[in-house]
Student: 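Submitted below is the structure of interest, expressed as structure tokens.
All values below come from the heavy atoms of this structure, side chains included, with hydrogens, waters and symmetry mates left out. Just so it is clear: chains get the letters A, B, ... in the order the sequence lines come, proteins before strands, and each one is counted from 1.
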Amino acid sequence: MLDDFILRAALAGLGVAIAAAPLGCFIVWRRMAFFGDATAHAAILGVALSLTFYIPIFVGVLVVSLLMGITVATMSERGYAMDTLLGVLSHSSLAFGLVAVSFLSGVRIDLMAYLFGDILAVGKMDLGVIWGGAALVLMLIGWRWSALLMSTVNAELACASGISPKREKIILTLSLAIVVAVAIKVVGVLLIAAMLIIPAAAARPFSRTPEIMAIIAAIIGCGGSLAGLKVSFVMDTPTGPTIVCIVALLFGISAFVQYIFRSKPVNI
Amino acid sequence: MRVLTTNNLGVSFGGNTVLKDINIHIDKGEILSIVGPNGSGKSTLLRTLIGAVVPTLGSVKIASKQIIGYVPQRLNIDETMPMTVHRFLSLPKRQKQQDIDAALQHAGLSDLGRQQLSTLSGGQFQRVLLARALIEKPDLLLLDEATQGLDHSGSADFYRQIERVRQELNCAIMLISHELHTVMRTSDRVICLNRSICCEGAPDIVSVAPEYRLLFGLDDDQMFANYSHHDPATSQQESFV
């Protein structure tokens, strides 16, 4: 049944969209969009290292993304301005990654596949990794949901309730690294942040509670993935970017509907 | 029963001492107020007690299995997060529907349950924060200028509610306030803080203590006028003026 490459691609897209939705909501609520970007950009360095040392791409990307997340978190506590820090780390890790990949003369690698994803080339193994990673992220976030929400609303209220905001931040960093590692095959490092943020942002106007926002974001992400796959098949366009385009259009529609029906805008 | 004790508590941020030699304690059923000028470390003290600030020196001991209710001075709910009043009261522990309804009614917010937090007025929001702190029936309630943004009658209502809460839950209540007269009327004990404890005791003792009167410049205008900061950073600024 999984022999059809379109079916595998669709399942891969759905897996990433479902895992990215609740995590993306937290990234939007905590204003961490650039943090997501930086973690994703670091992934290309992970790809280069994996190919150099013959370890699975998933593992290499996971480790480097995680290191990036921890570095950003530690340095921001030392008093660096967050946006400057992310600007430095995000783009320099991308640059170092690209340079490192160029050293790999022995292997012929398709850089484009890692930058923009290659969802149509998803194999059965990849599918296992994507769904395994997605399930892990959903379990992590589901398990910590209340504590994550509380520390996102206010760190001090969380402390008073016996929740450690630092520990919850580590859970989010770990989830982000896993999502980046599984999504690299689907949308590539440059567009992962889009799959995290855009569905969540598009879901905001229609949500009354955090839970509803996460569910609507998942629906938008899944719809966008399937529609993007179909459009790219019909119009022969690159699949990863097409998926992001569709999700972006859904965001546009959401913003328009919001503008028509509500007087007070929500600052996303 | 003793709910909380601190032992020579000290906090400094980057070499700057904010709190020093703080030894306080509070018992069940007691209302303890902390007064002090701006920058005297009142909020830092409360944040240290709940564990949001790690003390540089000393320790905070809280009796085991005590539920802490905390009402912060300010709380900004990011507008990107949808959150109804109802959902907020169930954070982090899910509460029973009837408890939530009762809490809302108690706070005079019965018809606001489905409203988004971001649409509430300052006074309504403050009452929601208190309702949330009370819903778990705390053993220790910490209030950081909880009447900020309330008008005179709102503030009076608030203190009446605190008094009722003390009677119903028999909890220990520690509050920070700028309203000296109200504080002196409602508290069992007052601590006057200016980085370290200046004086403490029953309200009628503290209100005549020279340290307290000096700190707030209560005795005459002369004393108020003579009080000046000898802070190199600010005096340098002044020399430019």
Student: Is any side-chain heavy atom of A:Glu156 closer than 4.5 Å to one of B:Leu46?
Tutor: no
Student: Any idea which heavy atoms bring A:Asn154 and B:Leu75 closest together, and the distance?
Tutor: ND2-CD1, 2.8 Å
Student: List the steps and the verdict of side chain to side chain contact (heavy atoms under 4.5 Å, CB included) for B:Phe88 and A:Leu157.
Tutor: CA-CA 12 Å; B:Phe88 183 65; A:Leu157 286 183; 4.1 Å; yes
Student: What part of B:Leu91 is in contact with chain A, defined as an atom under 4.5 angstrom from a non-hydrogen atom: side chain, backbone, both or neither?
Tutor: both
Student: Are any of the side-chain heavy atoms of B:Met81 and A:Leu149 separated by less than 4.5 Å?
Tutor: yes
Student: First locate atom CD1 of B:Ile77, then atom OG1 of A:Thr152, and finally report the distance between them rounded to the nearest 0.5 Å.
Tutor: 10.5 Å
Student: Does A:Phe206 have more than 12 heavy atoms from other residues, nucleotides or ligands lying within 6.0 Å of its CZ?
Tutor: yes
Student: What part of A:Ser207 gets closer than 4.5 Å to chain B, counting heavy atoms only: side chain, backbone, both or neither?
Tutor: both
Student: Are A:Arg208 and B:Arg87 packed together at the side-chain level, in the sense that at least one heavy-atom pair is separated by less than 4.5 angstrom?
Tutor: no
Student: Could you tell me whether the side chain of A:Thr209 reaches within less than 4.5 Å of the side chain of B:Met83, counting heavy atoms only?
Tutor: no
Student: Evaluate whether atom CD of B:Glu168 has more than 12 neighbouring non-hydrogen atoms of other residues, nucleotides or ligands under 6.0 angstrom away.
Tutor: yes
Student: By a 4.5 Å heavy-atom criterion (distance strictly below it), what part of B:Gln115 contacts chain A: side chain, backbone, both, or neither?
Tutor: backbone
Student: If you round to the nearest 0.5 Å, how far is OG of A:Ser161 from CD1 of B:Ile50?
Tutor: 9.0 Å
Student: Does NZ in B:Lys28 sit with more than 12 non-hydrogen atoms of other residues, nucleotides or ligands closer than 6.0 Å?
Tutor: yes
Student: Using non-hydrogen atoms only, which part of A:Ile212 is less than 4.5 Å away from chain B: side chain, backbone, both, or neither?
Tutor: neither
Student: Given 3.5 Å as the limit, does a donor-acceptor pair link the side chain of A:Arg31 with the main chain of B:Thr80, or not?
Tutor: no
Student: Can you find a pair of side-chain heavy atoms, one from A:Arg30 and one from B:Asp78, that are under 4.5 Å apart?
Tutor: no
Student: Chain A heavy atoms under 4.5 Å from B:Arg132: which part of the residue, side chain, backbone, both or neither?
Tutor: side chain
Student: Heavy-atom distance under 4.5 Å between the side chains of A:Trp29 and B:Pro82, does that happen here?
Tutor: yes
